[in-house]
Amino acid sequence: MEAIKRIEEKWAKKWSQDKLFEADPDPSRPKYFVTFPYPYVNSYPHLGSAFTILRVDILARFKRMRGFNVLFAQGWHATGGPIVASALRLREGDPKIVETLREIGVRDEELPKFKEPQYWIRFFIKGWREDLARYGMSIDWRREFHTTSLNPYYSKFIEWQVLKLREKGLISKGSHPVVWCPKESKVVGDHDRPDEYAGISPQAAVIIKFRTEDGLVLPALTYRPETVYGAVNVWVRASYTYLIAEVDGETWVINEYAVKELEGQGFEVKITGNIRGSELVGRWVVNPATGTKIPVLPAEFVDPDIGTGIVMSVPAHAPYDYVALMDLKKDPNVLKAFNTDPSIVSGIEPVGIISVEGYSEVPARDAVEKRRIKSQHDRSLLEDATKEVYSKEYHSGVMKEGLGPWGGMPVSKAKEKITEFLAEKGFAIRIYTLPEPVYCRCGSRTHVKIVKDQWFLKYSDARWKKLAHKAVDSMSFYPEDLRKHFHSMIDWYDDWAFTHKGELGTKLPWNPEWVIESLSDSTIYMAYYAVAKYLEKGRSGVKPEQLSPEVFDYIFLGRGDPGQISSTTGIPIELLRAMREEFEYWYPVDMRISGKDLLPNHLVFYIFHHVAIFSKDKWPKGIGINGWVLIGGEKMSKSKGNFILLRQALDWWGASATRWAEVMAGADPGLDDANFEPSVADKAVEELLSWIRFAEENYGKGRTHRKRIDAWFESVLNKTIRKVTELMEEQKFKTALVEGYYNLQSAYKWYIKRAGEPQRDVLARFIEVQTLILAPFVPHVADEVWERIGKKGYASTHAWPESDRAKISDELERSEEIIKTVIQDSLEIMRFVRRPGRARIIVAAGWKYRLLEDIKKHREKGLNLREAISRAVRESTGGKKEAGRIASLVARKPEVLSLLVPRNVEIEALNDARDLIREELGVEVIVETEEQSRSPKRTQALPAKPAIHIEEIEE
RNA sequence: GCGGGGGUGCCCGAGCCCGGUCAAAGGGGGCGGGCUUAAGACCCGUUGGCGUAGGCCUGCGCGGGUUCAAAUCCCGCCCCCCGCACCA
């Protein structure tokens, strides 16, 4: 372990000294620009982020070896709420955040510094940089930067970006529902809430007004307005004290929560009194949709903290309502307590208004009975039943005839139409609500608020979508089926609220109380890598204020006159030209590799913003995606105790073994998760050290004369190069490593088995090729081997091995397969032979080869197997009966067609391998032809499948 | 709801897009053997059933179909998983 770590340190140092990965424009070489989405710097990298960035590095290194001038740059993302929220929590003395920081190794005396968001940024950027360097990332560190107004250079760039978008009419203003904390007067994001409330967001709902005779409005909140036609009563919580309030000139009975929500959504609400739920029971209200009078009844399931506290009852289609009604029917006398005649209950029956296949008139009853729900207190079963009915009806339900214009309409469509109708008539209002209570970190209950003056990116814009689709059509995707995902995401996007308050970021230039949110300030920053090298940290003496929009217009769009811009801004003209040249050379991004989490958001934005701002030749060229990393088959999480930071892995296994295990976890592109097995990393250490040893000890050794089998191994070697090269191009890095290392190594083992001592040149070539193939994966090890076998320079930057077509021989490879199957078959036969004597390997007669070749020819012309065989038999000269017999054998074993080699090659191969076969079988081996043989088994011989006769020793 | 993915041998996981070479790669685990004072590591073999000649039977969620031939193509069903806007 220490040995390999010393090697890694040694090479990391050399690379850095030689500036191996610092890339500058070089018009004489093709460029390749790869990026990894800059990480959010509120923690250290873990094995998941390490996995994705490793894929970027492998690709960068591979392309470098293929002769490209590769740029791999890395920045850091600090925009957004979590860091601010964490710093705030620390200030408040939240023990959880203290623990989190301690866990990752922050010392107690350092803790207070984390009260400042800036410190988080500085601290974790340093951590990331160290970890990535140690991990062997081939990054050009001169282009590093971080986001937000804390880096005014970057902020200038982002300001330029949004100004461009506004010029193009892609930004609008409007309103937007958010989760709101009334106490702190702010939006409550997931990072502002206790974990159990994460992910709950505003839902569109409808409030339907049920009116009493004396004009009191009972507003029922529902997600299913279309079912109002089946509402046969209204539920209230008898024990709750409702508020009476003036809303839009009407008198409403509502709960406290709805007051806040209505106020937050632009309604005037004036509380004028209160009323017990029990006082409402027994009153009659009008169903606005049907005009019928329905009673108000008590139900325990009604939660006065949700919605309006008033529920419309649709027992035919809502399991809760159905069960509550049945409960009441079972014991109507409870109504007496409310001075209400129990007999009214008997008159209430579910009214089905939606028909769904597979369900009765009353789907809610079906769902309830299926689950044997006994009362309205069986909440989890009722939730489940509700879900079922809801989704079935929405999907495949149809409004019943007799419902006026809605009759026959699918529920999914009727829902919207009916809402529209109700709203127009003043029977209902649209509202946003939270499906369950959400609390802010500060402890107060939140509600939905409509934010006015919200700025939007107009992703709904048809022209913009069209351009984005066009970009997707022209890009390459790994895996390819991402393309359709992107098309559908682009179609799906609606306007995006892109400004927030109270977070880190760049201020909106024309409205600085807003900050540009995190997804929107990270869309075209790859262009900034071209200039970061010059601007960051004031390297060229340019001040942020000098970076007027004209400067960026020139650098990124080629607009304006550099001389003039230079004189108005004071930026030297050569510097302007250099930045322009740098951008022109590196852009567009050739490949962006990311985890699947960024697929539906960042990567879509990435495309949108590029097509909006840049000319077509600067649009993204490719995207590669990979899944998460599981540890030992389980999702990585702190609570499971299997959370591994990159730095821990590097401490335990070193860079090479960590990289190896990450690749073996499943570093092919795709949405599936990879599985990191610590035991693989354990083993990799030994594996790599022994490769170094093997290479060093064997390079230059070996016999000088050549054998037949040498050519076989050369064929495999060259074919491996070809396959691995293709796999690397497709980013199938795990498959490439399996093919290029494990499979090649086992081929080498077979080679040694067959050849005894390896041939010197072949062995040397094998060691070189193997080392170069390993270079993108475990560069430290490859460079070490390279040095030890006496090569100059770096394997890391050496040319990728070329496959020599002339050395690839399918015939040789197939004949070797034949040998393997002969050995296997013979061993199987020997299981049944008591006293095996000699083994006769009988090669098929010449005419059989001609027959099979004909079959193969016909197959290749597109005939199916049966036709191909029958035609070949028909055309064959000589013994039709014999030919027919062979043909039927072939029909049962079509694989012989794919192993078919010329007869002399087969004979040669078998003779060549006779020693090995004898060794494997432990008996004497005779290779003969069907024509020579007198064995009774000889007629069974097929091309590529010689007859085998194990002679039995007589007692 | 909207969108997407998947069900393979004891387990994990390839293969399925381009049907035959798939009893189905590769791991892991199990079993047997070697090495060793022993354990570990490592190496070899074996790991659906049956079979005294390289074979046969069963088999890749369930049911049906296309085909000379289906894990692979088509239809229906069941089940599971993931993302969805202030979380970067």
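Protein chains get the first letters and strands the later ones, always in sequence-line order, with residue 1 at the start of each.
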Say we look at [N] and [M]: how far apart would their [atom1] atoms be, to the nearest angstrom?
{"N": "C80(B)", "M": "G27(B)", "atom1": "P", "value": "34 Å"}
{"N": "U58(B)", "M": "C50(B)", "atom1": "P", "value": "15 Å"}
{"N": "G40(B)", "M": "G48(B)", "atom1": "P", "value": "25 Å"}
{"N": "A25(B)", "M": "G45(B)", "atom1": "P", "value": "15 Å"}
{"N": "G49(B)", "M": "G61(B)", "atom1": "C1'", "value": "22 Å"}
{"N": "G7(B)", "M": "G15(B)", "atom1": "C1'", "value": "15 Å"}
{"N": "A70(B)", "M": "C22(B)", "atom1": "C1'", "value": "11 Å"}
{"N": "C56(B)", "M": "U21(B)", "atom1": "P", "value": "13 Å"}

Looking at [Y] and [X], is any side-chain nitrogen of the basic one under 4.0 Å from a carboxylate oxygen of the acidic one?
{"X": "Glu817(A)", "Y": "Arg814(A)", "result": "no"}
{"X": "Glu480(A)", "Y": "Arg483(A)", "result": "yes"}
{"X": "Glu930(A)", "Y": "Lys937(A)", "result": "no"}
{"X": "Asp825(A)", "Y": "Lys945(A)", "result": "yes"}
{"X": "Lys723(A)", "Y": "Glu739(A)", "result": "yes"}

Length of the [atom1]-[atom2] vector between [X] and [N], whole Å:
{"X": "Leu599(A)", "N": "G5(B)", "atom1": "CG", "atom2": "P", "answer": "12 Å"}
{"X": "Asp682(A)", "N": "C42(B)", "atom1": "CG", "atom2": "P", "answer": "10 Å"}
{"X": "Arg892(A)", "N": "G55(B)", "atom1": "CZ", "atom2": "C1'", "answer": "9 Å"}
{"X": "Gln940(A)", "N": "G54(B)", "atom1": "CD", "atom2": "P", "answer": "7 Å"}
{"X": "Lys893(A)", "N": "A69(B)", "atom1": "NZ", "atom2": "C1'", "answer": "15 Å"}
{"X": "Asp491(A)", "N": "G3(B)", "atom1": "CG", "atom2": "C1'", "answer": "12 Å"}
{"X": "Ile869(A)", "N": "G20(B)", "atom1": "CD1", "atom2": "P", "answer": "16 Å"}
{"X": "Lys945(A)", "N": "G54(B)", "atom1": "NZ", "atom2": "P", "answer": "10 Å"}

Name the nucleic acid region contacted by [X], choosing base, sugar-phosphate or nothing; use a 4.0 angstrom heavy-atom cut-off, strictly under.
{"X": "Thr735(A)", "answer": "nothing"}
{"X": "Ile948(A)", "answer": "base"}
{"X": "Leu519(A)", "answer": "base"}
{"X": "Lys596(A)", "answer": "nothing"}
{"X": "Asp494(A)", "answer": "base"}
{"X": "Glu517(A)", "answer": "nothing"}
{"X": "Asn743(A)", "answer": "nothing"}
{"X": "Glu503(A)", "answer": "sugar-phosphate"}
{"X": "Ala947(A)", "answer": "base"}
{"X": "Gly666(A)", "answer": "nothing"}
{"X": "Pro946(A)", "answer": "base"}
{"X": "His949(A)", "answer": "base"}
{"X": "Ile950(A)", "answer": "base"}
{"X": "His176(A)", "answer": "base"}

Taking only side-chain nitrogens and oxygens of [X], does any of them come within less than 4.0 Å of OP1 or OP2 of [N]?
{"X": "Lys484(A)", "N": "G5(B)", "value": "yes"}
{"X": "Ser518(A)", "N": "A88(B)", "value": "yes"}
{"X": "Ser488(A)", "N": "G3(B)", "value": "no"}
{"X": "Lys683(A)", "N": "G27(B)", "value": "no"}

Closest-nucleotide mapping onto RNA chain B: is Leu863(A) or Asp481(A) further toward the 5' terminus? I mean the 5' end.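 Looking at the nearest nucleotide for each, Asp481(A) comes out on the 5' side.
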RNA chain B: 5'-proximal contact among Leu865(A) and Trp496(A) (nearest heavy atom):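 Its nucleotide being nearer the 5' end, the pick is Leu865(A).
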Would you mind pulling out the nucleotide paired to G32(B), Watson-Crick or G-U wobble, both distances under 3.5 Å?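 Answer to the pairing question: C44(B), which forms a Watson-Crick or G-U pair with G32(B).
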Base paired to G3(B) (Watson-Crick or G-U; both N/O distances under 3.5 angstrom):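 Matched G3(B) with C82(B) under the 3.5 Å cut-off.
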Given Trp496(A), which partner from the list Phe456(A), Trp455(A), Phe605(A) fulfils the ring-ring contact (aromatic ring centres under 6.0 Å, His included) test?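 The passing option is Phe605(A).
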From the options Gln454(A), Lys507(A), Glu517(A), select the one residue that forms a side chain to side chain donor-acceptor pair (under 3.5 Å) with Thr499(A).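 Passing option: Gln454(A).
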Is there aromatic stacking of Phe832(A) on G51(B) here, judged by a ring-centre distance under 5.5 Å and a plane angle under 30°?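 No, aromatic ring not over the base.
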From [options], pick the nucleotide closest to the side chain of [X]?
{"X": "Pro82(A)", "options": "A53(B), A88(B), C2(B)", "result": "A88(B)"}
{"X": "Ser201(A)", "options": "A53(B), C56(B), A85(B)", "result": "A85(B)"}
{"X": "Pro600(A)", "options": "G83(B), C44(B), C68(B)", "result": "G83(B)"}

Assess whether one donor atom and one acceptor atom, taken from the side chain of [X] and the base of [N], lie less than 3.5 Å apart.
{"X": "Arg866(A)", "N": "G20(B)", "result": "no"}
{"X": "Asn42(A)", "N": "A88(B)", "result": "no"}
{"X": "Arg859(A)", "N": "G20(B)", "result": "yes"}

Given side chains that start at C-beta, do those of Tyr493(A) and Lys465(A) come closer than 4.5 Å, heavy atoms only?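 Touching, per the 4.5 Å side-chain cut-off.
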Do Arg592(A) and Phe36(A) form a cation-pi contact, if we require the NZ or CZ to be under 6.0 Å from the six-membered ring centre and within 45 degrees of the ring's axis?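 Judged by the rule, Arg592(A) and Phe36(A) form no cation-pi pair.
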